[in-house]
There are 2 protein chains.
Amino acid sequence: MEPTTENEAELLAADAIGDVIEHWGFRKALGRTWTVLYLDGGALGAAELGERLQMSAGAMSTTLTELQRWAVVRKVWIPGERRDFFEAETDFWKMISRVVHERERFLAGSVRERLGRAQAVLRKTSTGAAARARVERLGRLMAFATMAETVIESFLASRRVDFGEFGNLLALGRQVTAAAVGKARKS
Amino acid sequence: MEPTTENEAELLAADAIGDVIEHWGFRKALGRTWTVLYLDGGALGAAELGERLQMSAGAMSTTLTELQRWAVVRKVWIPGERRDFFEAETDFWKMISRVVHERERFLAGSVRERLGRAQAVLRKTSTGAAARARVERLGRLMAFATMAETVIESFLASRRVDFGEFGNLLALGRQVTAAAVGKARKS
DNA sequence: TTGAACTTTCAGAATCTTTTGAAAGTTGAG
DNA sequence: CTCAACTTTCAAAAGATTCTGAAAGTTCAA
């Protein structure tokens with residue numbers, strides 16, 4: 001069935017983006033809500049969003065809170081209005097870098113520490129060639145994690161990359177390269 | 001509580017990688033299983049994996065099937081042995097590119113088509129400045145999707161990038177840039 | 001301070017995902 | 001062919017996650 005009204009078209013787009021967002025590990029509702037706000041261009045209230053997207057007030061509330069935590073939607077003050085209004089962040093780069101940054105923090109923090117702990121134990125308790133090889137493979141895994149972190153870091157550091165301007169990609173390429181080579185020299 | 005035995009250390013590492021993998025939208029079991037195989041270095045049978053990871057035979061079977069679908073683990077034939085053995089793919093680049101590729105296919109296929117359909121409807125049914133602005137925002141969203149696809153494609157095209165050799169990152173940077181600029185000229 | 005308008009919270013319902021355990025299926029040696 | 005060894009499949013259980021609807025909380029105008 002083809003969408004025929006303006007609202008159905010909006011939902012079609014919202015659901016498409018919702019699926020992308022879900023594919024990357026978030027709730028579909030986040031993508032749907034952001035899309036409606038983005039396409040509208042202006043600021044909308046929670047009730048109106050809930051009606052357009054067929055979501056309950058409760059779901060709307062948690063969704064909007066989470067979107068704000070990701071700095072992907074912000075609350076705007078409309079003078080004379082009692083209720084809260086929300087509008088979409090339109091800077092794609094800001095949104096992506098926020099998400100990538102969050103995931104990198106996770107990698108950097110907990111994971112490397114745990115791998116390191118595992119390696120330390122293996123080093124102590126193990127004897128023989130097989131055990132040594134195991135320690136060394138774990139080391140390679142950690143080296144890869146470090147490498148990935150470096151790539152992500154430089155990606156984030158190139159904060160001025162604007163996906164709308166192709167020219168700047170050049171800068172990204174250079175920065176990633178420079179950072180990675182620099183780090184390699186140190187170790 | 002600190003791990004003290006070799007096996008506890010193995011589980012510590014496996015759980016860490018399991019969490020990373022879960023963070024990127026897969027089942028934890030996939031990451032845990034791959035890690036045990038990777039650290040072991042050799043080929044292991046399903047029963048042994050299940051025992052080390054405390055997983056049932058059924059879970060082991062589906063997990064190994066899925067890991068093979070992602071080409072991240074492969075079955076190996078051991079002459080004289082009745083049961084199947086499995087070993088880990090150790091090429092990180094192969095694994096990552098496979099996953100990125102899969103996600104790109106999703107973006108390229110369904111999503112752009114749906115956004116386009118929504119835009120077509122909006123174009124027809126809408127009149128007035130606000131409606132025109134909405135169509136144009138949807139256009140910007142689609143342009144971004146195309147851009148993202150291009151970046152991912154060039155990333156994938158630079159198949160020789162080896163995360164273990166920093167030097168090759170230079171090639172990645174160049175290729176991404178070249179591909180993006182080329183595509184921009186065409187449109 | 002009160003009441004209306006709105007938002008947040010949260011227990012329970014609904015839904016989706018993953019695991020288990022056992023039955024059914026497959027394979028190869030003898 | 002038959003049995004034993006192994007693997008896959010699948011229904012039901014367990015476990016997570018997300019949503020609803022209503023109660024509680026907040027805020028502001030009067």
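Naming: A, B, ... by sequence-line order, numbering from 1 per chain.
- Comparing B:Leu64 and A:Thr63 against DNA chain D, the residue whose closest nucleotide sits nearer the 5' end is B:Leu64.
- Checking A:Thr62 against A:Arg83, the closest nucleotide of DNA chain C that is more toward the 5' end is the one next to A:Arg83.
- Between the P atom of D:dT17 and the CG atom of A:Leu30 lies a distance of 15 Å, rounded to the nearest Å.
- Atom-to-atom, CZ of B:Phe85 to C1' of D:dT7 comes out at 14 Å; the value is rounded to the nearest Å.
- Between the CD atom of B:Glu48 and the P atom of D:dT7 there is a distance of 12 Å, rounded to whole Å.
- A straight line from CD1 of A:Ile21 to P of D:dT17 spans 19 Å, rounded to a whole angstrom.
- Rounding to whole angstrom units, CG of residue A:Leu53 and C1' of D:dT20 are separated by 16 Å.
- Regarding A:Gln54, its CD atom lies at a distance of 13 Å from the C1' atom of D:dT20, rounded to whole Å.
- In this structure, A:Glu66 atom CD and C:dT8 atom C1' are separated by 15 Å, rounded to whole Å.
- More than 12 heavy atoms of other residues, nucleotides or ligands lie within 6.0 Å of CD in B:Glu81, so this atom counts as buried by the packing criterion.
- Look at CE on A:Met60: it is 14 Å from C1' on D:dT20, rounded to the nearest Å.
- Each of A:Gln68 and A:Arg82 has a nearest nucleotide on DNA chain C; the 5'-most of these lies closest to A:Arg82.
- Closest contact between the side chain of A:Trp77 and the listed nucleotides C:dT19, D:dT20, D:dC28 involves D:dC28.
- Among all heavy-atom pairs drawn from B:Leu39 and B:Ala13, the shortest one is CD1-CB, 4.0 Å.
- One finds a salt bridge joining A:Glu136 and A:Arg140 here, because a Lys/Arg side-chain nitrogen approaches an Asp/Glu carboxylate oxygen to under 4.0 Å.
- Each of C:dT9, D:dC19, D:dT9 was ranked by its minimum atom distance to the side chain of B:Ser61; first place goes to D:dT9.
- Comment: B:Arg117 engages B:Glu113 in a salt bridge, judged by a side-chain N to carboxylate O separation of less than 4.0 angstrom.
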